[in-house]
2 protein chains.
Amino acid sequence: MAHKVLLVEDDLDLGHLLKQYLEINHFEVHRVFNGQEARAMLEQQLYDILILDVMMPKEDGFTLAKKLTLQYPNIPFLFVTAKKMKEDVLKGLKLGADDYMIKPFDADELVYRIHNILRRTQRQVIQVPEHIQIGIFRFEPKNLLLISPRAQFALTEKESQLLSYLYQNRGSIIKRTDILNHLWKEADFFNGRSMDVFISRLRKHLSADPTIEIESVRGVGFNFKC
Amino acid sequence: MAHKVLLVEDDLDLGHLLKQYLEINHFEVHRVFNGQEARAMLEQQLYDILILDVMMPKEDGFTLAKKLTLQYPNIPFLFVTAKKMKEDVLKGLKLGADDYMIKPFDADELVYRIHNILRRTQRQVIQVPEHIQIGIFRFEPKNLLLISPRAQFALTEKESQLLSYLYQNRGSIIKRTDILNHLWKEADFFNGRSMDVFISRLRKHLSADPTIEIESVRGVGFNFKC
DNA sequence: GTCCTCATTAACCTTTCGTTAACTCTTCGT
DNA sequence: ACGAAGAGTTAACGAAAGGTTAATGAGGAC
């Protein structure tokens, strides 16, 4: 289940952007515009983390955080600020902020920081498995799974490695020797034949989506079109 | 009692300065110069937090952190770097770094960040669950008990640790080497066989609930489905 | 000392999957 | 059009991984 984030941000654009980005990253985001609304939301349900803008018209983030932590001492929180002032950062940290982001900031960094805070805070990290969408399939390299709407295949490790490699180099010609050197460490005749068997197996797996093709380029290698 | 900090920093001046500053702020600081020394210290005693320089001659901080977190998954760590590169920061956070300081940095800020990390970490300690529901079983890690409606097994310490680890990582593939590094501290052949024996025993214990499965993934590890 | 407990090692068996083999189809140079 | 070589496909093989049970032995309790 997704982690719940309460985002307190008065800036319309940034707030919207943040919400969207966090949602892409599988967080459930509720967005409010000021401290009063934040309190109302917190009363209704539990959140996993609180993201606060420091600069807000009615009540600044610090004051709000101070009050909220009195009532909800265990909720992790993180400040976002436009000001690049040392005093502000220190003030936030002094209040016990779990972290601090200075605008303009990198959205990926924010996501990682949230994850790390939650990992420390909650016992169980429910990690969204890394996945790649290939046509109608969802490919989870770490779990060796190729999932289509109808069925689910368990790939072997080597099948998975090969599919990953093809995917990483999709859309252009991949040399046979490159695949062999990369996955077999030696590009001799027998390994080449072995690879052909794997290609054949992958093609069978992927045949459920006719838009996907592992096109072979005679004498050179393959072109993974997806 | 003072919190124990293990500082891994090869730079003589910065290392000395940091140590002094942290000691002024009532931390107990042990300072080492490379990964090997760090490992030796960690084996001897528990630390509350690890501070790592990213740039070190023999082994960089990232590689070291990756290895150490396998063996000591709960220790909070924080990177220090001179490089002001976004990639570095992201790399560190991806590894699960609790925080990141960019040189030159403010020493007060570092102290606050350490305090906040510790506050977060200790919060977690309180949350160690007394019992976990796994299918029809109630698992009490502390009491080494696995209780089903019909019977009650007394697990050994290691069985319990393994079950905890599997449970914490349930639902996706857990690498053999990760389990071994975590519970056996060494991933050699014999420990691997030993682990297989434990897996077998856990399977026998858990067989009363057919919805639970420790699926093995050849060449990779296990997937605990429950 | 003797008796337990429990992790490890050994021994034996089963299963898996990368490789090899065998046969076919396709491509391309002559 | 023919032959050779590359590639596709399927089946079979066998080494290595893993499952299971029993034996071993180290360490603690009494």
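In what follows, every heavy atom counts, from backbone to side chain, and hydrogens, waters and symmetry copies are set aside. Every chain is numbered from 1 and lettered A, B, ... according to where its sequence line falls, protein lines coming before strand lines.
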Practice item. Mind calculating the distance between CG (L202(B)) and C1' (dG18(D)) to the nearest angstrom? Key: 15 Å
Point to revise | Check: E159(B) side chain, L155(B) main-chain N or O, donor-acceptor pair, under 3.5 Å | key: no
Revision key, fill the gap. Assert: residue with more 5' nearest nucleotide on DNA chain D, out of F222(A) and D196(B), is F222(A)
Study note, to complete from the structure: Protein-proximity profile, nucleotides 13-19 of chain C, B/S/- by nucleotide at the 4.0 Å heavy-atom cutoff, equals --BBSBB
Exercise for review: Examine R193(A) relative to F190(A) and say whether NZ or CZ is less than 6.0 Å from the centre of the six-membered ring and inside a 45° cone about the ring axis.
Suggested key: no
Revision key, fill the gap. N181(B) meets the side-chain contact (heavy atoms from CB on, under 4.5 Å) criterion, sequence neighbours left out, with L70(B), T177(B), A187(B)
**Study point:** Short side-chain N/O contact from S216(A) to OP1 or OP2 of dG8(D), under 4.0 Å
**Key:** yes
Practice item. For atom NE2 of H30(B), decide whether the heavy atoms of other residues, nucleotides or ligands shown that lie under 6.0 angstrom number more than 12. Key: yes
Check your understanding: Within this structure, what is the CG-to-C1' distance between N223(A) and dA7(D), rounded to whole angstrom?
Key -> 16 Å
Review point. Roughly how many Å is it from CG in L180(B) to P in dA17(D), rounded to a whole number?
Key: 14 Å
Review point. Any side-chain N or O of K204(A) less than 4.0 Å from the OP1 or OP2 oxygen of dT10(D)?
Key: yes
Point to revise | Interatomic distance, E215(A) CD vs dT27(C) C1' [rounded to whole Å] | key: 14 Å
Exercise for review: Grab the CD-P distance between E186(B) and dA7(C) for me, whole Å please.
Suggested key: 19 Å
**Study point:** Under-3.5 Å donor-acceptor pair between R193(A) side chain and dG8(D) base
**Key:** yes
Review point. Is it true that R203(A) and E215(A) make a salt bridge, defined as a side-chain N closer than 4.0 Å to a carboxylate O?
Key: no
Exercise for review: Mind calculating the distance between NZ (K175(A)) and C1' (dG6(D)) to the nearest angstrom?
Suggested key: 18 Å
Check your understanding: Side chains of Y47(B) and H3(B): is there a donor and an acceptor less than 3.5 Å apart?
Key -> no
Study note, to complete from the structure: In whole angstroms, the gap separating C1' of dG19(D) from NE2 of H205(B) amounts to 16 Å
Check your understanding: How close or far is atom P of dT20(C) from atom CZ of F189(A), stated in whole angstroms?
Key -> 10 Å
Exercise for review: Would you classify R203(B) as touching base, sugar-phosphate or nothing, given that sugar-phosphate means primed atoms plus P, OP1 and OP2, and contacts are heavy atoms under 4.0 Å?
Suggested key: sugar-phosphate
Review point. Residues two or more places apart in sequence or in another chain: which of them pass side chain to side chain donor-acceptor pair (under 3.5 Å) with R170(A)?
Key: none
